[in-house]
Visitor: 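Sharing a structure, written as structure tokens. Questions coming.
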There are 2 protein chains.
Amino acid sequence: MGRKRSAKPTSFDIAYRAGVSQPTVSRALRGSKSVSEATRLRIQEIARELNYSVDKNASSLRSQRSNTIALLFFEDPTPDGANINPFFLAMLGSITRATANRGLDLLISFQKMEDHWHTRYQDSHRADGLILLGYGDYTLYESRLKQLVASETEFVRWGSVRDDNIGATVGSDNVGAGRLAGEHLIAQGRRRIAFLGQADEHYPEFADRYRGLGAALEQASLPIDPLLQRDALSSEGDGRAAVQALLAAGVQFDAIFAASDLIAIGAMRALGEMGKNVPRDVAVIGFDDIPAASLTSPPLTTISQDLNSAGELLVESLLAGIEERPKPSKVIPAKLVVRGSTGG
Amino acid sequence: MGRKRSAKPTSFDIAYRAGVSQPTVSRALRGSKSVSEATRLRIQEIARELNYSVDKNASSLRSQRSNTIALLFFEDPTPDGANINPFFLAMLGSITRATANRGLDLLISFQKMEDHWHTRYQDSHRADGLILLGYGDYTLYESRLKQLVASETEFVRWGSVRDDNIGATVGSDNVGAGRLAGEHLIAQGRRRIAFLGQADEHYPEFADRYRGLGAALEQASLPIDPLLQRDALSSEGDGRAAVQALLAAGVQFDAIFAASDLIAIGAMRALGEMGKNVPRDVAVIGFDDIPAASLTSPPLTTISQDLNSAGELLVESLLAGIEERPKPSKVIPAKLVVRGSTGG
DNA sequence: AGGAATAAGGCATACGTATACCCAAATTAT
DNA sequence: ATAATTTGGGTATACGTATGCCTTATTCCT
């Protein structure tokens, strides 16, 4: 037999000792007001003594509510699949806190964007709702999102907040953040600001950031030169390549606004290799404020997204959907973090 | 009503359409051999049509098996609680993969080391077992581990593998890794190697690494100078302080073996500030190979732990415990990653 | 050919909780 | 004082699946 049969106590055991019925135990422990104070205290005391804990499966089965949220990471399939975007990893902390505060369990999965999510998580009652995290080509997963909507799966995702979003969306104020970055660089006397990142609508968040930069330039009556925009997806390699392309094209620039810190780091590295000094020759500003951002030399000026609010809002918004309450606002302001890479 | 009552299909619905009983459906879908091939295929087909998925709660309740594992991070309480050790974060990826491959769900929590884990996860049938991840003062949580053992909670933890471990433990070959580091530095002509990290038994993994370094020194007939060991816990600040202390004490050294990359990064920064060149004046080697390690200048030589094996072994070992099978081996070799910070 | 083994699946039930409904006693209202 | 509530809790049952125990055809063996 090996294993002890110490018979995990059930609500019946408690009921017996308390001299009440099982339903009363259930009610007492859930704080129903149709149990007297005295009885509740007695029951709670016994529960503590017996080291009782509600069986999650029975509870969820009966109540049709799992009090669990599934956090799903999806990204464009990477070759190794090992490295997760550090920004989302950081968000993990904030989301776990938000769920823990509400007594929710958090299920996580890194599986690629699939069309079976609603089956795997919602239909099977594993989770009451999904949080979707990931960059990636928007158009690629649009159809999946529609499927989720069609199957009435509750979900929220992190991304660019638009009026025509499919499903609930929470995200940073990317346009405002782009403007912040632009204004900062302009205030430093920079005039020719390169933007490294996809600027098309397949990557709405990046596009928003670029748009914000444009707004800042416009406000300062500076021209927007399309030659200064170079595609870069998210890796260091992309950033490096983009800088090399810029230099090879002979385009003049005195600043770089990278759509992510990884891109920025790659860019700085390429600049260094080409004999350019940061920030003297070229100021660099990134986005996300990943841990490595403060470790580069010079340390990277960047935009910091409010992760605490992010997790909180994602969870709150999801819960609101599940409980059919009105949803909270969904755009979160971002903050400029000035470090060495933009001078000063 | 607002919400659709599309009546999620149950095994009864399938049974009805297939003209069999509900138990047969259950058997068919679980692959019981007492259902004929033909019937099984028919049932699977219908299940697919109806978009059926087994209710996880009912299934777990009946079978008393949740097929879920809880991943718990514990660390010495940090002031903000926000930043998680990047090494463990990286391990998260490997563990999710290992669980996903086995069709297990993964529950995660960052809550501090508590004494209620068995209640919260195992007794409530949320999870079949726990994976514990975290550095921290061993003596602090020893009692908690004993409680887990006492409550017959299934768990594995990551750490220093000893014969007298409480509960199942999986970990890197820290002694071997320390030796690797030492041998590498010695091969580079270094003779006075400082060790930054706690070396006492409150931090067994660090102690093992120090021991490995000692072994390498001994083998090369070099003396072990206690003055060259300086405490450092895990942050950059610790690394920086340790280097400053070394310099202030006037101890000569031409290499540093830091017990973690964060410590190493802090040390490199301090060296830079003091006008010491890395690697010319002092070679530096870290531990963990966190993403930021390749971003420093010079890039950090470090020890890379085999994360894939780690996740796989943790999960396998836990599962073995749950299913009362013999457990696999538990010591994982580590690898030296040579970069610029140790020269050449 | 007749009994033994096997195959395929039905029947009944248990897992542990939450909740709709009901009922008696105590309280309040009129 | 009697009807109308309220309080506190009991009864019965449902949530959806998995499994032990039977039953009935088949197939097999000698």
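Below, read A as the first sequence line, B as the second, and so on, with proteins coming before strands; counting in each chain starts at 1. Worth knowing before you read on, the calculation uses all heavy atoms, side chains too, and leaves out hydrogens, waters and symmetry mates.
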Visitor: Cut-off 3.5 Å, side chains only: do B:Ser172 and B:Gln305 have a donor facing an acceptor?
Guide: yes
Visitor: Apply side chain to side chain contact (heavy atoms under 4.5 Å, CB included) to A:Tyr16 and list each qualifying residue two or more places apart in sequence or on a separate chain.
Guide: none
Visitor: I need the full list of salt bridge (Lys or Arg N to Asp or Glu O under 4.0 Å) pairs touching residues 10-35 of chain B, with sequence neighbours left out, sorted by first then second residue.
Guide: none
Visitor: Determine the contact category for B:Val25: base if any of its heavy atoms lies under 4.0 Å from a base atom, sugar-phosphate if only primed atoms, P, OP1 or OP2 are that close, otherwise nothing.
Guide: nothing
Visitor: Would you mind telling me which residue lines up with the more 5' stretch of DNA chain C, B:His125 or B:Val35, judged by nearest nucleotide?
Guide: B:Val35
Visitor: Summarise protein proximity over nucleotides 17-25 of chain D in one line of letters, 5' to 3': B for base, S for sugar-phosphate only, - for none, counting protein heavy atoms closer than 4.0 Å.
Guide: BBBBB----
Visitor: Going by side chain to side chain donor-acceptor pair (under 3.5 Å), name the residues that satisfy it together with A:Asn165, two or more places apart in sequence or in a different chain.
Guide: A:Thr169
Visitor: Classify the angle between the aromatic ring planes of A:Trp158 and A:Phe87 as parallel (below 30°), tilted (30 to 60°) or perpendicular (above 60°).
Guide: tilted
Visitor: Filter on salt bridge (Lys or Arg N to Asp or Glu O under 4.0 Å), then keep only pairs touching residues 44-70 of chain A, sequence neighbours left out; what's left?
Guide: A:Glu45-A:Arg48, A:Lys56-A:Asp105, A:Arg65-A:Asp128, A:Arg65-A:Glu323
Visitor: Could you tell me from which nucleotide to which nucleotide of DNA chain C, 5' to 3', there is an atom under 4.0 Å from chain B heavy atoms?
Guide: C:dA8 to C:dG16
Visitor: Assuming nearest nucleotide by heavy-atom distance, tell me which of B:Ser34 and B:Leu61 is located more 5' along DNA chain C.
Guide: B:Ser34
Visitor: So, B:Thr119 and A:Asn51: side-chain donor and acceptor under 3.5 Å apart, yes or no?
Guide: yes
Visitor: Only one of B:Lys330, B:Lys327, B:Arg325 passes salt bridge (charged side-chain N to carboxylate O under 4.0 Å, His left out) with B:Glu316; say which it is.
Guide: B:Arg325
